[in-house]
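In what follows, a single structure is set out as structure tokens and then discussed.
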Amino acid sequence: MVVAVTALRILVFLYARISEDPLDQRRGVGRQVKDLRHWATEEIGGEIVGEWVENDRSAHSGEARPEYDNMMAAALAAAQQPGVRVIVGAYHPSRLWRQRVERAQAIEDLRQAKAFVAFESGGYFNMTKASDRSQLANLGESDTAESEVKSERVARAALERAEEGIANGAVAYGWRRRYSHDDAGRVIDFEDHKHPEQAAIVREIVTRLLSGDTLFAITRDLNERGVPSPGAGQKRKRRALGQAADGSLWSDTSVKKIALRRANVAVRTHQGVEYPAKWPALISDEQHLRLVALFAGRGEQLTRPGQRMHLLSWGEVCTCGPCGGPISVSLRGNAKRGVRRPTYVCSMKGCVGRNEEALDRHVEAIAVEVLSDPEAADIFKGDQSGVLAALERAEALRIRQAEAADDFADGLITREQLRRITRRLSGEIEEAQAEARRLQPIDLSALDGLIGPQARERWPELTLQRKRRALEALKFRVRIHPSSRRGPGFDHTTIDVGWHGRELPEWRACAPTHPDYREEMLSGVRATP
């Protein structure tokens, strides 16, 4: 009797990988795939089931390798079929694995699947045999050791560059790089200098944020003007949703990152430690500290701040006279006659209500008078030393919070200790920020270009957000009291207006055209401590 013998199918699963290819040229993986195809068909004599390729992706850093995961899943599934021999093929063991844990898990999975591992550079391993598994593990250990030694060497060089204040990697947005060469044309050193156009954009972003503009407004304006973003022209593995193909568009996130970089004040950061940088600063330390405090305050809010639609609604600028509640805007008027206008109303009890347009016009006229004093710049300046000290204390406390989190991650403190530390430091941070707000005489960045006679011309050109920021900087306080009279017209006698902790005189609610207004107002300005 003749027994039929079923031919064994040899299924080869090819995997190629290159760790670094920042320009995405794919030449390295292309050569690997070409050699692997010839090797699998001519030397192994197998049937290529598929090719899984990952370019510019490390196997040592721990980043995700989706193509490797897909290849392993397909190979393990195919190994369950009868009459097949599954071979996982790669150019070299280091192309498959660099980490001990990942390699050990793969060897165990392939053992249970009764699969094989082979390499074009040499080596054929049967995962069902203990000796082959041991050889493969030992072979891979040398790859892991090589990666670890290289990683230590790179880390030491990175620390040395940080200590010397030298930039790491490509030149950052806002600067341009000038190289020094030896006689043979080799690069021996470099210096980063201010980039005229990019540095101006960084300063514009910072100034506008401190002046009250929102991230949304700044982002939209930069894109409408066609200003290239920091990532313009750079090749990326993937782009954010809505980003242009060339990466030229700004986003809220990129604007915020550019504004808050410690590099802007010539500080080099390495693993949480700061070093003086060799490149020139783009903004002042004071501006950076105030930006940090600004975004820290936004982070404490329960809702994300949006684009302001009304000048005096919510916040401390305008409140209800009878109950002290916040002011919101709603449509009020005679619905039957079709006359319903935006009106400032008490959001707590509905105690008061005023026509939005009329009240805005009244408050803005007073603000212009305050700002128009030719000597206002010297009057408003005040002493910033106390403010900066409070902001620096708040920043130091945040660093201590981060260090406590690191200590918990390293097992040096318990979870309960971390909670107590966080609770205490959070309270101290809030106190430091409150002290900074209390000591801040006038936020001059919010009044940029507005102080002096030009205030009358500049004010109408401001956005609603900048007007509100200017009122907050001047610490305007508007209180709306009930009106006893009925009928049309704006009753300015029921509006109390004060600023910088001072009330206006008895006729404070009169229109700014009052003959004594300017003299009395400016005397109040000069009396401000």
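Here the options are Arg261, His195, His288, the test is side-chain contact (heavy atoms from CB on, under 4.5 Å), and the partner is Leu282; only Arg261 passes.
A donor-acceptor contact closer than 3.5 angstrom links the side chains of Thr494 and Arg354. Side-chain atoms of Glu191 and Ser180 form no donor-acceptor pair, as typed in the model, at a separation below 3.5 Å.
The two residues Arg468 and Glu316 have their closest heavy-atom pair at NH2-N, 4.4 Å. In plain terms, the two heavy atoms of Cys351 and Cys346 that are nearest each other are N-CB, 3.4 Å. Nearest heavy-atom pair across Ile421 and Ala404 is CG2-CB, 3.8 Å. Nearest heavy-atom pair across Trp175 and Asp192 is CB-CB, 4.3 Å. Across Ala199 and Lys194, no two heavy atoms sit closer than the pair CB-CB, 4.4 Å. Of all heavy-atom pairs spanning Gly174 and Gln198, the tightest one is N-OE1, 2.9 Å.
In this structure, the side chain of Asn355 does not engage the main chain of Arg341 through any donor-acceptor pair within 3.5 Å. No side-chain donor-acceptor contact under 3.5 Å links Arg456 to the backbone of Val368. Of the possible donor and acceptor atoms, none in the side chain of Tyr179 sits under 3.5 Å from a partner among the backbone N and O of Asp189. Panel note: side chain Trp459, backbone Leu371; no donor-acceptor pair is recorded below 3.5 Å. Here the side chain of Arg57 pairs no donor or acceptor atom with the backbone of Pro66 at under 3.5 angstrom. For the pair Asp410 (side chain) and Leu412 (backbone), a donor-acceptor distance under 3.5 Å is absent. In this structure a side-chain-to-backbone donor-acceptor pair under 3.5 Å is present from Ser347 to Pro326. Judged by distance alone, with hydrogens and angles left aside, the side-chain atoms of Gln287 form a donor-acceptor pair with the main-chain N or O of Ser284 at under 3.5 Å.
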Verdict with reasoning, Asn264 to Val202, per side chain to side chain contact (heavy atoms under 4.5 Å, CB included)
CA-CA 8 Å; Asn264 291 341; Val202 174; 3.9 Å; yes
Run the numbers on Glu403 and Arg398 for salt bridge (Lys or Arg N to Asp or Glu O under 4.0 Å), then give the verdict.
CA-CA 9 Å; Glu403 291 173 344; Arg398 290 193 192 92; over 6 Å; no
Carefully, step by step, assess Lys467 and Asp360 under the rule salt bridge (Lys or Arg N to Asp or Glu O under 4.0 Å).
CA-CA 10 Å; Lys467 288 181 180 179; Asp360 284 353; over 6 Å; no
Take Leu311 and Tyr344 through the test side chain to side chain contact (heavy atoms under 4.5 Å, CB included) and record every step on the way to the result.
CA-CA 10 Å; Leu311 181 64; Tyr344 287 118; 3.9 Å; yes
For side chain to side chain contact (heavy atoms under 4.5 Å, CB included), just list the numbers for Val497 and Phe476, CA-CA rounded to whole Å, side-chain angles, deciding distance to a tenth of an Å, and then say yes or no.
CA-CA 7 Å; Val497 180; Phe476 256 58; 3.8 Å; yes
Full working for salt bridge (Lys or Arg N to Asp or Glu O under 4.0 Å) between Glu364 and Arg361:
CA-CA 5 Å; Glu364 290 182 47; Arg361 187 166 56 246; over 6 Å; no
Run the side chain to side chain contact (heavy atoms under 4.5 Å, CB included) test on Val329 and Ser313 for me, step by step, so that the C-alpha distance in whole Å, both residues' side-chain angles and the decisive distance to 0.1 Å come before the verdict.
CA-CA 7 Å; Val329 175; Ser313 61; 4.1 Å; yes
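In this structure, Gln417 and Phe408 have side chains that are not in contact, with every pair of non-hydrogen atoms separated by 4.5 Å or more. Inter-residue side-chain proximity for Cys318 and Ile480 is flagged as met; some heavy-atom pair is nearer than 4.5 Å. Annotation: side chain of Ile327 is not in contact with side chain of Trp314 (no heavy-atom distance under 4.5 Å). Counting heavy atoms from C-beta outward, Val478 and Asp496 have side chains that stay 4.5 Å or more apart. Counting only heavy atoms from C-beta outward, the side chains of Leu312 and Leu359 approach each other to under 4.5 Å. At least one side-chain heavy atom of Ile429 sits less than 4.5 Å from a side-chain heavy atom of Gln401. Side-chain contact between Val345 and Ser330: present, with at least one pair of heavy atoms (C-beta onward) separated by less than 4.5 Å.
Other residues, nucleotides and ligands contribute over 12 non-hydrogen atoms within 6.0 Å of the CD atom of Glu224. Counting heavy atoms of neighbouring residues, nucleotides and ligands inside a 6.0 Å radius, atom CZ of Arg400 does not exceed 12 of them. Surrounding CD of Glu357 are at most 12 heavy atoms belonging to other residues, nucleotides or ligands under 6.0 Å away.
Taking the six-membered ring where the residue is Trp, Trp250 and Tyr173 present perpendicular rings, their angle passing 60° and hence far from 30°.
The CG atom of Asp56 lies 9.5 Å from the CD1 atom of Ile18; values are rounded to the nearest 0.5 Å. Of the inter-residue distances, the one linking Leu209 atom CG with Arg469 atom CZ reads 10.0 Å to the nearest 0.5 angstrom. How far CG of Leu471 is from CZ of Arg477: 10.0 Å, rounded to the nearest 0.5 Å. How far CG of Asp407 is from CG of Leu418: 9.0 Å, rounded to the nearest 0.5 Å. Remark: Ile205 CD1 to Ser254 OG distance equals 7.5 Å, nearest 0.5 Å. Atom CG in Asp252 sits 12.0 Å away from atom NZ in Lys257 (nearest 0.5 Å).
A salt bridge between Glu461 and Arg458 is present, with a side-chain N of the basic residue lying under 4.0 Å from a carboxylate O of the acidic one. Contact check on Asp221 versus Arg208 returns a salt bridge, with a Lys/Arg side-chain nitrogen under 4.0 Å from an Asp/Glu carboxylate oxygen. Ion pairing between a basic and an acidic side chain is recognised when a charged N comes within 4.0 Å of a carboxylate O; Arg225 and Glu204 show such pairing.
A cation-pi geometry, defined here as NZ or CZ lying under 6.0 Å from the six-membered ring centre and within 45° of its normal, holds between Arg177 and Phe190.
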